[in-house]
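Side-chain atoms are counted along with the backbone in the values below, which use heavy atoms only and exclude waters and symmetry mates.
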Protein chains: 2
Amino acid sequence: MNHDDSNEIDYSMLKSRLGYKLRRAQMVYFDVFAEACAREGITPGLFGILAIVYHNPGLTQSAVSNALDVDRSAMVAAIDKLEGMEVIERRKSKHDRRSYALYLTPKGKTFTERLNQKVEAGEEAFTTFMEEGEREQLLETLDRIIQARRGS
Amino acid sequence: MNHDDSNEIDYSMLKSRLGYKLRRAQMVYFDVFAEACAREGITPGLFGILAIVYHNPGLTQSAVSNALDVDRSAMVAAIDKLEGMEVIERRKSKHDRRSYALYLTPKGKTFTERLNQKVEAGEEAFTTFMEEGEREQLLETLDRIIQARRGS
DNA sequence: ACATATTGTTTAGGTGCAAAACATTATATG
DNA sequence: CATATAATGTTTTGCACCTAAACAATATGT
């Protein structure tokens, strides 16, 4: 029986690597998300789409992919799936016959609201180890990282 | 000509989602890493292995996979590749004939040191937008998140 | 001695993402 | 107007990453 957590490993080359720590932390929150709503058949990526379309109805696929900073080719299968779940729909744009305007179905709206509550609750149940205001500070720093990309 | 960054999108459902922000921030640091050493044929995952074996020579594949919190089946192809690059080598363990002990080759040691410098430099060049001590605070919070997994 | 566990491995599968090419349609430029 | 250029959705291909299940070889516990 080895004493488990003190696993005697020297992490010194990774100890200060933000890339590594962010990846590990994200894996943790991926689990938090999955625990909250994997049963619903929704992944973090799909939730992001629902969250954007919920508050921005009528956006094109390209606009959503731009908002989430993923390639527009990744939208196709994602929207196909959400459309198959009958929570989103593509309507032909009248101004631009190339593109679709995305809307949540009534079912999709309540679905997204329920999902949002579950995700919020799941994350909130996972803040017991954080100091007062630490979460807000973390969000702010992460936002600065995300915004800083062009500047580098 | 649309005024670019103020893209008029309502992110209110994602604004406070740590899972989402961590994912976005990690993508940024993935780019930082790639810029630093994609030319070397090294991915973040492979760098993690090199970093662990560098300071912990003789570890088994399972021990490394445990240290990095990935499945041990994922080690096989990774070590195969690193062995093909002649930076790591598998030596038969004498105590346990099932397992290999992993060691960096001399070439692998200097390679890892050079890589580490590049990654460090790449991350450091990307901290101009951070306040004094903000990076340390971020690392500490991320560590707490990573450690908190069992507690939840 | 025998049941159980562990190691490395293979196979299969799933996810997320990006690059490239394509037809269709818009837009800008001559 | 005509023509070049760009944008949209799509498909295909490929990479990185990760897991689960099964297997033979070997260790370990009872």
Side-chain angles (χ1 to χ4, degrees), chain A residues 1-2 19-20 22-24 26-31 33-34 37-38 41-49 58-83 88-102 149, chain B residues 1-2 4 19-20 22-31 33-35 37-49 58-83 88-102:
Chain A
M1 183 148 308
N2 45 7
Y20 172 72
L22 284 168
R23 189 156 60 104
R24 294 290 301 263
Q26 191 227 330
M27 286 170 66
V28 172
Y29 270 89
F30 185 90
D31 288 349
F33 183 94
C37 59
I42 291 295
T43 62
L46 294 178
F47 178 74
I49 296 174
L59 247 49
T60 66
Q61 292 182 193
S62 286
V64 173
S65 76
N66 190 49
L68 296 172
D69 201 40
V70 298
D71 196 273
R72 67 185 197 278
S73 65
M75 282 294 115
V76 182
I79 304 294
D80 282 352
K81 181 165 184 178
L82 294 173
E83 215 173 18
I88 216 169
E89 65 181 21
R90 288 185 243 233
R91 299 186 198 159
K92 290 179 185 173
S93 169
K94 301 200 169 184
H95 314 294
D96 188 334
R97 293 191 304 180
R98 294 170 300 181
S99 61
Y100 296 108
L102 299 176
R149 256 219 311 203
Chain B
M1 182 150 310
N2 45 6
D4 248 37
Y20 173 71
L22 285 168
R23 188 156 61 103
R24 293 289 302 263
Q26 191 228 330
M27 286 171 65
V28 172
Y29 270 90
F30 185 90
D31 288 348
F33 183 95
E35 205 167 316
C37 58
R39 281 287 168 77
E40 315 279 357
I42 290 295
T43 62
L46 294 178
F47 178 75
I49 295 174
L59 246 50
T60 65
Q61 292 182 194
S62 286
V64 173
S65 77
N66 189 49
L68 295 172
D69 201 38
V70 297
D71 196 274
R72 67 185 197 277
S73 66
M75 283 294 115
V76 183
I79 304 294
D80 283 352
K81 180 165 186 179
L82 293 173
E83 216 173 17
I88 216 170
E89 65 180 23
R90 287 185 243 233
R91 299 186 198 160
K92 290 180 185 171
S93 170
K94 302 201 168 183
H95 314 294
D96 187 334
R97 293 191 305 181
R98 293 170 301 178
S99 62
Y100 296 107
L102 299 176

**Message:** Could you check whether the side chain of A:Arg98 and the base of D:dG9 have a donor-acceptor pair of N or O atoms closer than 3.5 Å, going by distance alone?
**Reply:** no
**Asked** Roughly how far, to the nearest 0.5 Å, is CD of B:Gln26 from OH of B:Tyr29?
**Response** 12.0 Å
**Message:** Just the rounded figure in Å: distance from P of C:dA18 to CE of A:Met75.
**Reply:** 10 Å
**Message:** Looking at D:dC17, I'd like to know if its phosphate oxygens (OP1 or OP2) sit under 4.0 Å from a side-chain N or O belonging to B:Thr43.
**Reply:** yes
**Message:** Without decimals, in angstroms, what is the distance between B:Phe47 CZ and D:dC17 C1'?
**Reply:** 18 Å
**Asked** Rounding to a whole Å, what distance do you find between A:Lys92:NZ and C:dA26:P?
**Response** 13 Å
**Asked** Expressed in angstrom and rounded to an integer, what is the separation of B:Ile42 atom CD1 from D:dC15 atom C1'?
**Response** 15 Å
**Item:** Nearest-angstrom distance from the residue atom NE2 of B:His95 to P of D:dT28
**Value:** 11 Å
**Asked** So which nucleotide from D:dC18, C:dT25, D:dT10 ends up closest to the side chain of A:Arg23?
**Response** D:dC18
**Request:** Please tell me which of B:Ile79 and A:Arg72 maps to the more 5' nucleotide of DNA chain C, matching each residue to the nucleotide holding its nearest heavy atom.
**Result:** B:Ile79
**Asked** Nearest of C:dG8, C:dT25, C:dA21 to any side-chain atom of A:Arg97?
**Response** C:dT25
**Prompt:** Do A:Glu83 side-chain atoms and A:Arg90 backbone N/O form a donor-acceptor pair below 3.5 Å?
**Reply:** yes
**Message:** What verdict does the side chain to side chain contact (heavy atoms under 4.5 Å, CB included) test give for A:Leu68 and B:Tyr20, after you've listed the backbone C-alpha separation in whole Å, the side-chain angles of each residue and the deciding distance to 0.1 Å?
**Reply:** CA-CA 10 Å; A:Leu68 296 172; B:Tyr20 173 71; 3.9 Å; yes
**Message:** Whether A:Arg91 and A:Glu89 form a salt bridge (side-chain N of Lys/Arg under 4.0 Å from carboxylate O of Asp/Glu) is what I want to check.
**Reply:** yes
**Request:** For B:Ile42 and B:Phe33, run side chain to side chain contact (heavy atoms under 4.5 Å, CB included): C-alpha distance rounded to whole Å, both residues' side-chain angles, the deciding distance at 0.1 Å, then the answer.
**Result:** CA-CA 9 Å; B:Ile42 290 295; B:Phe33 183 95; 4.2 Å; yes
**Asked** Once you round it to whole Å, what is the distance between C1' of C:dT7 and CG of B:Asp96?
**Response** 7 Å
**Asked** Quick one: A:Arg90 CZ to D:dT8 P, roughly how many Å, whole number?
**Response** 15 Å
**Request:** Quick one: pull up CD1 in A:Ile49 and CD in A:Gln61 and give me the separation to the nearest 0.5 Å.
**Result:** 9.0 Å
Where do N or O atoms of nucleotides 10-14 of chain C meet protein N or O atoms at under 3.5 Å, pair by pair?
none

**Asked** B:Tyr100 OH to C:dT6 C1': how many Å, rounded?
**Response** 15 Å
**Fill in**
Heavy atoms of A:Arg72 and A:Ser62 approach each other most closely as CD-OG, 3.5 Å
